[in-house]
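Letters A, B, ... mirror the listed sequences (proteins, then strands); counts begin at 1.
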Number of protein chains: 2
Amino acid sequence: MVLQAAARLSKLWVPNGGIAATAAEDGHSKLIRAGFLRQSHSGIFHLLPLGRRVQDKVEGVVSRHMEESLSASRVSLSSISTEALWEKSGRLHNVASELFRFSDRKDVAYLLSPTHEEEITALVARTVKSYKELPLRLYQITRKYRDEFRPRHGLLRGREFTMKDLYTFDKSLDSATETYHSVRTAYSKIFSELKLPVLAAKASSGDMGGDLSHEYHLPMSLGEDQVVSCSECDYAINEEIAKVRVREEATPGAQLGIWRGISKDGSTLVNVWYPRSAWQPGSADEIRDYADKDINISAVRSIVPDLVVGVEDIQSLWSAALGSETRTANRLLNIVDGRLPLSLSDDIVGESGMSARPEGLNSPEPPLAVSVHAGGGQDFEPLNLLRVRDGDRCSQCSSGILNVRRAMELGHTFLLGTRYSEPLNAKITIPPSTSGIPMQMGCYGIGISRIIGAVAEHLADRRGLNWPIAIAPYSCVIVPGRERDEGDALEVYRTVIGDLGTMEGQFDAIIDDRRATLPWKLTDADLIGFPLIVVLGREWRTGKRVEVQCRPLRIREAVTISDLPQFIRHLYTQLCDI
Amino acid sequence: MVLQAAARLSKLWVPNGGIAATAAEDGHSKLIRAGFLRQSHSGIFHLLPLGRRVQDKVEGVVSRHMEESLSASRVSLSSISTEALWEKSGRLHNVASELFRFSDRKDVAYLLSPTHEEEITALVARTVKSYKELPLRLYQITRKYRDEFRPRHGLLRGREFTMKDLYTFDKSLDSATETYHSVRTAYSKIFSELKLPVLAAKASSGDMGGDLSHEYHLPMSLGEDQVVSCSECDYAINEEIAKVRVREEATPGAQLGIWRGISKDGSTLVNVWYPRSAWQPGSADEIRDYADKDINISAVRSIVPDLVVGVEDIQSLWSAALGSETRTANRLLNIVDGRLPLSLSDDIVGESGMSARPEGLNSPEPPLAVSVHAGGGQDFEPLNLLRVRDGDRCSQCSSGILNVRRAMELGHTFLLGTRYSEPLNAKITIPPSTSGIPMQMGCYGIGISRIIGAVAEHLADRRGLNWPIAIAPYSCVIVPGRERDEGDALEVYRTVIGDLGTMEGQFDAIIDDRRATLPWKLTDADLIGFPLIVVLGREWRTGKRVEVQCRPLRIREAVTISDLPQFIRHLYTQLCDI
């Protein structure tokens, strides 16, 4: 670092003219205005030099933890995969609408990988044969592709994005579970180094398969998930699968609500029974009102996976499914929320069952098979069919209050088990047995470009972006007040870099030698969001003192050149530790 | 580096079992056998940890020169572009067969970029308006895509590959030409640091457009180009456009040869006239024989761009073009090689013109317009229509002999002029004028993955790969002879890294702590191709001396631990300077 020429802003392409700030500017607009990136096509971006530096640093932080905390080896898999391979894993048709697909000149069907479980499992399957080669931990940081229905918020939901993906292969479920917990620990360290107050929430495994899964959520209003967390215990969970504590006694006088649904093939009609009002557990005062809009669709889908969603006129779907000519329905499923008394289940089948048809629909001949679902599991856990609200009671502890927040998913961990190793034949033999057993896998993502967007959104203030020291494009900018101070600025640069540049390997600085006024440069430095700003202003000319500004720590202080290295080092340490 | 844990081969995924060496193994097979990469699909590769490290280092060398020698700023453009943009530049249909193309869910037509002239010009066009923002030098290192008709030789001709591409924008042709020469100087430094004896050959600009162009060729038998270079002067050029010195006097008694061609639309019939034998200039003894197979198709295409190529039965194409029903021909073009006397041109038109139809073809009615092309340019430069051969005389100096070699193109520089800035409207204003003038561009590629393949092919020997120190996966491997020597190996590691790791920032080492015998490890170290090997073998146990092996310098020497840092430093310096 010391041997290299000084970095100069005049030599770096930072286009930042011609775009005006807007009143309610989001992080993405600031990234564009400050010259970090530009959109090239819908949901597709070019990173400009400042943006690329930030991405490089985020990759560096994540990489370091992959290698030092997890001894993972870095690979670089092709961005291209084949439909044939994705057929084999059985995932092609589930995700087809989100894939960019194409054929080559020989009509082989390819796709741009949104994730690499198939490719890495196939690679490991043909390379690793013995349990002695496990555990294996492989990660990469590459571009991924997803044809989003509605790309938005810049890097937060793009169609081309950079992800870190780690894949682990173990010989037993126990060892894979240990791996899973090691990765969770590494993830905590990563997000803490990035100064992101991320919530690790239990999650559903969705299309990925597998049994154990966590999402790493940064609470923010632009987020597209809802995350529930408890005020008292460490319960944190995606709202889709969140459970609240429900009052076990009946809520007197509560009216019954019925939300209606239907399966995609029209064979199953669904009634979801819920109370129009219910007491909060442990409180005689708080009564909550509920309506159809409060139904937690994900909870209903966990019972009826092929539920039709997003249809307004459900009655006409029922009519069609029951019509004598078009009849498809053969079953009426009643699902009962846990807030209702268990005895109601019997009532529903016994008496009100068939009366729970919407008005105007006659009973079909032959009649439907009627069944009731009111909970499951070993201890008959009551169903939570209503969406969690702020202030609901925690199901995991006695006193906690749940908090529901919008959040953006920045990472995800999955214990996959044999979901991919089984169909793709990634097997090992463990003597004395000679037959192969499938490896136990895990997969672990971190959205690199999404982190950039999230930090821009989460940490920016009215003056501009505000990078954590670990991923700032440069740790420090040195701003000479006049052109004739540039020689001095270089001296300051050398002093600072000479001291910190070698020691940490992660500290860097740049001189703003552009032809512009000092106020313009300072406004731009705030917009770009350098953690440290060293100004050679009036005090430099009169008393050889620089002004050091540090917005994250709210510090602005005049310092002599001899005190500067120690002062900067002190701030730098604080910035790393905040 | 010092603070990091020691690197250990047991922790790095280096799958190298189960693949046997073959007798005539090429570099690509060695890369696979030594665990650097694996093919996933035809012409598409996964880089394994060793391969990725090498690529990372190649990128580092190239990047450093881009930034330090050229003050270029690094960007990262999307891999996706649109057909609409490529229509605008007029290049879509020329290269369509080599593009991977696809549509998104809204039926917008995209492509995977093989190169980024269109995207970067569009980006700069909407961002830069003033000449004061120029010169601008932007580079990136990203994956590129080309649907090769016949992918082969691993990384040497893949369908997904990593390239460094630099784009420059200047306000005048003079300044763009200066930029061009600066880049050429930087390229020389890069290839010299990579220890690749690359030949900078003049080249044709092909589809890229522009006026000045050089290819950077590594002579090797797997190469797909032919490069011509002079024994005396610095003339180096792609064989397609090479010129030889031809004897200006007639070669007595030489029979006339005629090679026939036709334009794609059938309108132009082509006769290429050449001597069946010719004297070498300056020699009365050396007579060369020529036949149709010696015609330099590229030279003919420079006169008839839409020449049909690769057709065996040209006579039937002529018959069709002259047939009374199917007639398309209206012109007969005679092209005369410079080895034939100039007076022959008149003879051809005057007398033998129409007799130069293949046998059995009658004269059409109305007759064809007959013309003769026998050279061009200001001084009526004679045409070179015959392929250059080893031993031909140089056209640029008085005494040089030309050498023709197969070579692999590793880089390319183009002075583009306004080829892209004009159609994509990348314009600046230079006061006092208020009208925009197109920027003067250059584009400059280096094949990063191809360099890896070329080094593997070019520098490997019978024992294995043989990396230049600048891009070796690790500079040095430390091999303990027995498991119980691993503690000592760690001490050796710390000694070596403590000394060299900090100073150069580019020296690194790894301990081979795998469970294997010493001979196996040494064979594998040779196969992987570490430049330096430090062995804790028998001499360690008896006299605390390590054996240092350096295959590139043919050194094998026993050294005490106290002498080791200086000895390694000495070898390292030599390896950097070779």
Part of Leu48(A) within contact of chain B (heavy atom distance under 4.5 Å): both
Which answer fits Leu136(A), side chain, backbone, both or neither, if we ask what part of it has an atom under 4.5 Å from a heavy atom of chain B? side chain
Under 4.5 Å from any heavy atom of chain B, what part of Phe149(A) do you find: side chain, backbone, both or neither? both
Greatest number of heavy atom pairs closer than 4.5 Å to chain B - which of Pro15(A), Ala7(A), Gly35(A), Ser40(A): Ser40(A)
When heavy-atom pairs shorter than 4.5 Å are enumerated against chain A, which of Arg53(B), Glu119(B), Glu133(B), Gln140(B) gives the highest number? Glu119(B)
So for Leu37(A), is it side chain, backbone, both, or neither that comes closer than 4.5 Å to the heavy atoms of chain B? neither
Within the 4.5 Å heavy-atom criterion, are His46(A) and Leu77(B) side-chain neighbours or not? yes
Shortest non-hydrogen separation from Ser73(B) to Leu12(A) and the atoms involved: OG-CA, 3.3 Å
Heavy-atom distances under 4.5 Å only: say whether Val108(A) touches chain B with side chain, backbone, both or neither. neither
Using non-hydrogen atoms and a 4.5 Å limit, figure out which bit of Arg126(A) sits close to chain B: side chain, backbone, both or neither. side chain
Around atom CZ of Arg150(B), are there more than 12 heavy atoms of other residues, nucleotides or ligands at under 6.0 Å? no
I'd like to verify something: which residue of Ala72(A), Ser81(A), Pro49(A) has the highest number of heavy-atom pairs under 4.5 Å with chain B? Pro49(A)
Cut-off 4.5 Å, heavy atoms of chain B, and the answer for Leu99(A) is neither
Should we say atom NZ of Lys88(B) is surrounded by more than 12 heavy atoms from elsewhere, each under 6.0 Å from it? no
Most heavy-atom pairs under 4.5 angstrom with chain A, which of Val128(B), Leu47(B), Thr82(B)? Leu47(B)
Relative to chain B, which of Leu138(A), Leu50(A), Asp56(A) shows the most heavy atom pairs under 4.5 Å? Leu138(A)
I'd like to check the salt bridge (charged side-chain N to carboxylate O under 4.0 Å, His left out) partners of Arg514(A); sequence neighbours left out, ordered by chain and number. Asp512(A), Asp524(A)
Please round to the nearest 0.5 Å and tell me the distance separating atom CG of Asp147(A) and atom OH of Tyr110(B). 8.0 Å
Identify which part of Lys106(A) has an atom lying under 4.5 Å from any heavy atom of chain B, answering side chain, backbone, both or neither. side chain
Should we say atom NZ of Lys11(A) is surrounded by more than 12 heavy atoms from elsewhere, each under 6.0 Å from it? no
Segment of Val14(B) engaging chain A (4.5 angstrom heavy-atom cut-off): neither
Rounding to 0.5 Å, atoms NZ (Lys132(A)) and CZ (Arg515(B)) come to a distance of 11.5 Å
Is there a side-chain contact between Arg143(B) and Thr142(A) (heavy atoms, below 4.5 Å)? yes
So CG of Asp104(B) and NE2 of His41(A): to nearest 0.5 Å the spacing works out to 11.0 Å
Can you check whether Glu98(A) reaches Arg105(B) side chain to side chain, under 4.5 Å on heavy atoms? yes
What part of Ile80(B) gets closer than 4.5 Å to chain A, counting heavy atoms only: side chain, backbone, both or neither? both
Where on Thr127(A) is there a heavy atom nearer than 4.5 Å to chain B: the side chain, the backbone, both, or neither? side chain
Among Ser97(B), Gly51(B), Ser10(B), which residue forms the greatest number of heavy-atom pairs with chain A at distances under 4.5 Å? Ser97(B)
Is the Phe102(A) ring parallel, tilted or perpendicular to the Phe102(B) ring (thresholds 30°, 60°)? tilted
Among residues 159-170 of chain B, residues within the sub-4.5 Å heavy-atom range of chain A, in order of number, are Arg159(B), Glu160(B)
